[in-house]
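Each remark here refers to the structure printed beneath this line.
Basis for what follows: all heavy atoms, side chains included, without hydrogens, waters or symmetry-related copies.
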Amino acid sequence: MDCPRCHGPMAVKEFGEIKIDECPQCTGMWFDQGEFRAAKDQADPDLNWLDFDIWKHEDQFQVAAHPLQCPTCSVEMYAVNYSHTEVEIDYCAVCHGLWLDGGEFTRIIEALEQELENKDVTDYVKASLKEAKEVIAGPEKSASEWKDFTTVLRMLQYRIFSEKPRLLTELIDAQKGTPIW
């Protein structure tokens with residue numbers, strides 16, 4: 001497979017349990033359908049429940065034809081400028097692959113991590129209810145949904161204790177049998 005940017009041969013790069021194609025010259029990365037999500041989850045397991053859906057918020061992205069050709073099917077890809085990430089994702093409408101220029105994968109991960117940090121308790125409660133519903137009736141495998149659910153609950157716990165540190169102290173004291181008052 002050749003790089004859509006440099007046109008040189010790309011190398012296979014192991015990213016956790018998955019293999020992606022990376023250009024050794026420009027460090028751009030090609031993700032076949034589904035590989036981006038797996039790579040994101042490998043980069044930061046706390047993000048496994050948080051999807052980076054380029055089509056999620058229509059008001060936050062712009063789509064334009066792009067001169068880059070898909071390295072898999074050789075059709076012209078579309079450039080999607082997505083919101084606050086300042087990342088231009090090159091997307092193939094035929095095979096649903098994604099091309100990210102060098103450094104863009106890291107910027108997406110950082111933006112998602114920032115999104116986690118900006119969520120408050122209410123956001124995490126809503127997310128945990130949504131994930132609980134998906135455990136019961138979700139489209140993915142139940143093990144995957146359960147993992148997402150437990151991650152959200154853990155993040156909710158972190159958020160509660162970071163906003164209410166005294167509560168954590170009181171819970172620890174209660175476990176030890178220390179009187180709270």
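The residues Asp123 and Arg159 are annotated as not salt-bridged, no charged nitrogen and carboxylate oxygen being separated by less than 4.0 angstrom. The existence of a salt bridge linking Asp101 and Arg5 is confirmed by a sub-4.0 Å separation between a basic side-chain nitrogen and an acidic carboxylate oxygen. Looking at Arg37 and Asp148, a side-chain N of the basic residue comes within less than 4.0 Å of a carboxylate O on the acidic one, giving a salt bridge.
Here the straight-line distance linking atom CZ of Arg107 with atom CD of Glu104 works out to 5.5 Å at 0.5 Å rounding. Once rounded to the nearest 0.5 Å, the distance linking SG of Cys73 with CD of Glu76 reads 12.5 Å. The structure places CG of Asp90 at 12.0 Å from CZ of Phe31, a figure rounded to the nearest 0.5 Å. Separating the SG atom in Cys92 from the CG atom in Leu68 is a distance of 11.5 Å, to the nearest 0.5 Å. Put simply, CG on Leu112 and CG on Asp44 are 9.0 Å apart, with the number rounded to the nearest 0.5 Å. To the nearest 0.5 Å, atoms CE (Met155) and CD1 (Ile160) are separated by 12.0 Å.
Contact record, Ile18 with Ala38: CG2-CB, 3.8 Å, taken as the closest heavy-atom pair. When all heavy atoms are compared, the tightest approach of Pro24 to Met10 is CD-CA, 4.2 Å. Contact detail for Met77 and Pro71: the closest heavy-atom pair is CE-CD, 4.4 Å. Annotation for Thr27 and Gly102: closest pair OG1-CA, 3.2 Å, computed over non-hydrogen atoms. Among all heavy-atom pairs drawn from Phe149 and Ser128, the shortest one is CE1-O, 3.4 Å. In terms of heavy-atom proximity, Trp99 sits nearest to Cys26 at CZ2-SG, 4.1 Å.
A donor-acceptor pair is defined here as one N or O able to donate and one able to accept, closer than 3.5 Å; no such pair exists between the side chain of Tyr158 and the backbone of Leu153.
Residues Val125 and Leu116 share a hydrophobic cluster, clusters being chains of Ile/Leu/Val/Met/Phe/Trp/Tyr side chains in contact below 4.5 Å. In the hydrophobic cluster analysis, where Ile, Leu, Val, Met, Phe, Trp and Tyr join through side-chain heavy atoms closer than 4.5 angstrom, Leu129 is grouped together with Leu156. Follow the hydrophobic side-chain contacts under 4.5 Å out from Val94 and you never reach Ile89; the two are in separate clusters.
Surrounding CD of Glu17 are at most 12 heavy atoms belonging to other residues, nucleotides or ligands under 6.0 Å away. Heavy-atom neighbours of Lys119 NZ from other residues, nucleotides or ligands within 6.0 Å: above the threshold of 12.
For the side-chain contact (heavy atoms from CB on, under 4.5 Å) test, residues two or more places apart in sequence or in another chain that qualify with Asp2 are Pro9. Every residue two or more places apart in sequence or in another chain that forms a side-chain contact (heavy atoms from CB on, under 4.5 Å) with Lys164 is listed here: Leu167. Annotation: salt bridge (Lys or Arg N to Asp or Glu O under 4.0 Å) contacts of Glu131 (sequence neighbours excluded): none.
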(request) Apply side chain to side chain contact (heavy atoms under 4.5 Å, CB included) to the pair Val87 and Leu100, showing each step before the final yes or no. (result) CA-CA 8 Å; Val87 171; Leu100 297 176; 4.2 Å; yes
(request) Could you please spell out the steps behind the side chain to side chain contact (heavy atoms under 4.5 Å, CB included) verdict for Met1 and Trp30? (result) CA-CA 10 Å; Met1 178 182 297; Trp30 175 255; 3.7 Å; yes
(request) List the steps and the verdict of side chain to side chain contact (heavy atoms under 4.5 Å, CB included) for Ile108 and Lys40. (result) CA-CA 9 Å; Ile108 291 171; Lys40 169 193 64 80; over 6 Å; no
(request) Carefully, step by step, assess Lys13 and Asp21 under the rule side chain to side chain contact (heavy atoms under 4.5 Å, CB included). (result) CA-CA 6 Å; Lys13 176 182 180 179; Asp21 299 292; over 6 Å; no
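Remark: aromatic rings of Phe15 and Phe105 are close, center separation under 6.0 Å.
Side-chain atoms of Glu170 and Arg166, non-hydrogen and from C-beta on, do get closer than 4.5 Å to each other. Within the 4.5 Å cutoff, the side chain of Gln69 has no heavy atoms near those of the Val75 side chain.
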